[in-house]
Amino acid sequence: MTTTGTHTPVQEHKSHVRTLVGTGIGNAVEWYDWAIYATFAPFIASALFSSADPTSAILSTLAIFAVGFVARPFGGFVFGWIGDRIGRKTSMTFAVALGAFGSLLIGVAPTFESVGVFASIMLLFARLIQGLAHGGELPSSQTYLSEMAPKEKRGFWATLIYTSGTVGILLGTLLGAVLSAMLSKSDMAAWGWRIPFILGGILGVYALVMRARMKETEAFEAETVKEKHEPIWPQIFRHRKQALQVIGLTVGLTVIYYVWGVVAPSYAATTLKMDRGAALWASVVGNIVFIAALPFWGRLSDRIGRKPVLIAGAAGAALLHFPMTWLLKDSPWQLAVGMSVMLFFIAASAAIVPAVYAELFPTKIRTVGVGVPYSICVAAFGGTAPYLQSWLASIGQGSLFNVYAVVLLAVGIAFVFTIPETKGKDLTH
């Protein structure tokens with residue numbers, strides 16, 4: 001971030017803290033919302049769908065998890081447009097407010113037993129709202145953080161996106177473990193599963209207040225009125241190569257991350273019949289390793305460049321995916337080891353892609369340029385990963401999903417060779 005002579009070190013420090021806290025807490029709430037949906041999917045299925053066919057209910061719940069991703073590209077465009085025309089801060093503030101509303105809707109949704117199919121429709125509506133909000137949250141926060149970061153430390157600052165997101169996931173996971181330990185299964189099914197969603201709405205309101213106090217980036221403010229109002233679609237077309245690169249770099253990461261970082265505990269409990277509470281605690285171990293690995297990879301990218309780190313992470317994840325999948329049977333320690341090993345390598349790409357994405361685009365198209373292709377990719381591949389994994393496992397073809405994940409990681413490696421080295425790039429142009 002560039003500074004002026006009127007800024008003292010103390011003012012700069014306060015500005016940095018406000019940037020990191022405001023960005024981080026809103027991002028954490030978004031990831032928390034998506035994590036608790038995956039964690040509490042069995043309870044959502046029993047409460048908001050017909051209990052006549054439990055398998056169909058859980059698959060329907062996971063299908064709505066995927067449907068939420070369908071709204072993400074629209075959110076990426078709408079909030080990306082807001083970010084590039086009105087401001088990054090405004091986009092981030094609106095996104096977190098809408099996401100909080102969606103979380104509250106799920107928390108107070110009536111049961112299938114009381115209102116029938118309307119319960120399922122309300123869940124679908126809430127997930128679409130969250131998808132819209134979250135489709136704009138990540139590109140807006142990534143762009144904001146990258147533009148506020150000192151260019152020589154941008155890779156390290158970029159790690160806040162997945163660090164704060166993982167903290168949100170851990171909060172949801174720990175809450176699930178605590179509730180499972182404190183409440184009976186009948187209480188969890190009746191009302192306990194609603195607590196995390198209501199809490200998510202409250203946290204979203206707090207994040208809204210924090211973001212309202214943040215300042216706009218200097219890169220955005222340096223843009224002229226004419227530049228801010230150039231037509232969007234011609235610019236997207238002119239930068240179609242960069243948009244394709246965003247998709248290529250994301251496709252393997254989004255699938256492998258959702259497999260090991262988000263749905264692994266639920267998959268272990270429902271498909272492998274592992275104790276649910278033990279699976280959640282094993283997930284805590286894996287995510288702590290992930291958080292610890294992120295700054296390591298971020299700092300390394302600021303020293304040796306983005307491309308070597310991206311290649312190392314994707315290659316390591318591809319090589320170890322099958323061995324770690326074979327290790328995973330029915331013991332919590334196996335889940336803890338598998339998640340820890342995989343998330344260490346997944347962290348390499350996750351740590352720095354926010355910086356890489358921002359460095360690919362000019363200021364006037366940076367938010368929407370990242371948001372649209374990123375959201376399309378996450379919707380098409382990340383959002384369908386849990387459903388596809390569960391469905392293939394249910395018909396005895398789980399190995400096909402593993403091949404699919406590794407092939408997508410290989411695609412990501414290939415795309416690394418198509419991008420320029422962007423370490424230290426000036427983002428004010």
Side-chain angles (χ1 to χ4, degrees), residues 155 158-159 161-162 165-166 244-265 267-268 271-272 283 285-287 289-294 296-298 300-301 304-329 334-357 373-374 377-378 380-393 397-419 421:
T159 65
I161 296 298
Y162 272 84
T166 307
L244 182 60
Q245 288 169 333
V246 169
I247 293 174
L249 294 173
T250 304
V251 64
L253 173 63
T254 187
V255 170
I256 204 70
Y257 178 75
Y258 272 98
V259 168
W260 288 101
V262 178
V263 300
Y267 176 80
T271 303
L272 302 179
S283 173
V285 174
N287 278 295
V289 171
F290 183 63
I291 291 175
L294 287 167
F296 163 76
W297 291 112
L300 186 63
S301 79
I304 68 173
R306 316 293 190 221
K307 296 174 70 171
V309 170
L310 290 173
I311 293 171
L319 290 172
L320 291 168
H321 178 64
F322 272 100
M324 292 302 103
T325 301
W326 295 331
L327 173 69
L328 186 58
K329 300 298 181 183
Q334 297 166 341
L335 178 61
V337 171
M339 287 186 66
S340 296
V341 170
M342 290 301 296
L343 287 173
F344 175 78
F345 286 98
I346 293 169
S349 295
I352 65 171
V353 287
V356 174
Y357 296 151
Y374 177 83
C377 183
V378 171
F381 295 93
T384 58
Y387 182 88
L388 184 61
Q389 183 185 36
S390 296
W391 177 69
L392 287 174
Q397 298 295 325
S399 60
L400 289 179
F401 181 84
N402 295 324
V403 173
Y404 168 75
V406 170
V407 168
L408 293 182
L409 285 168
V411 170
I413 294 174
F415 267 90
V416 174
F417 292 99
T418 72
I419 66 172
E421 179 53 66

**OP:** Using the six-membered ring wherever Trp is involved, compare the ring planes of Tyr162 and Phe290 and label them parallel, tilted or perpendicular (cut-offs 30° and 60°).
**Re:** perpendicular
Original post:
Can Tyr257 and Ser349 be counted as having a side-chain donor-acceptor contact under 3.5 angstrom?
Top reply: no
[X] and [Y]: which non-hydrogen atoms are nearest, and at how many Å?
{"X": "Arg306", "Y": "Ser301", "result": "NH1-OG, 3.0 Å"}
{"X": "Lys307", "Y": "Glu421", "result": "N-OE1, 3.2 Å"}
{"X": "Pro354", "Y": "Ala351", "result": "CD-O, 4.0 Å"}

Side-chain contact, heavy-atom cut-off 4.5 Å: [X] with [Y]?
{"X": "Met324", "Y": "Ser340", "result": "no"}
{"X": "Met339", "Y": "Asn287", "result": "yes"}
{"X": "Val255", "Y": "Phe401", "result": "yes"}

Original post:
To the nearest 0.5 Å, what is the distance between CG (Leu327) and CE (Met342)?
Top reply: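 If we round to the nearest 0.5 Å, Leu327:CG and Met342:CE are 11.5 Å apart.
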Subject >> Leu388 CG to Gln397 CD distance, which is reported to the nearest 0.5 Å >> reply: 11.5 Å
**OP:** List the steps, then state whether side-chain contact (heavy atoms from CB on, under 4.5 Å) holds for Leu392 with Tyr404.
**Re:** CA-CA 11 Å; Leu392 287 174; Tyr404 168 75; over 6 Å; no
Do any side-chain atoms of residues 406-419 form donor-acceptor pairs under 3.5 angstrom with protein atoms, and if so which ones, sequence neighbours left out?
{"from": "Thr418", "atom 1": "OG1", "to": "Gln245", "atom 2": "NE2", "distance (Å)": "3.4"}
{"from": "Thr418", "atom 1": "OG1", "to": "Phe415", "atom 2": "O", "distance (Å)": "2.7"}

Subject >> Trp297 side chain vs Ile346 backbone, donor-acceptor pair below 3.5 Å >> reply: no
Subject >> Under 3.5 Å donor-acceptor, Thr254 side chain and Thr250 backbone >> reply: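 No, the answer is negative, given that no donor and acceptor are paired below the 3.5 Å cut-off.
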Original post:
Given the rule in the side-chain contact (heavy atoms from CB on, under 4.5 Å) test, do Leu300 and Val309 qualify, once you have shown the distances and angles that lead to the verdict?
Top reply: CA-CA 8 Å; Leu300 186 63; Val309 170; 4.1 Å; yes
Can you list, pair by pair, the side-chain donor-acceptor contacts under 3.5 Å of residues 310-321, counting residues two or more places apart and other chains?
{"from": "His321", "atom 1": "ND1", "to": "Trp260", "atom 2": "NE1", "distance (Å)": "3.0"}
{"from": "His321", "atom 1": "NE2", "to": "Asn402", "atom 2": "OD1", "distance (Å)": "2.9"}

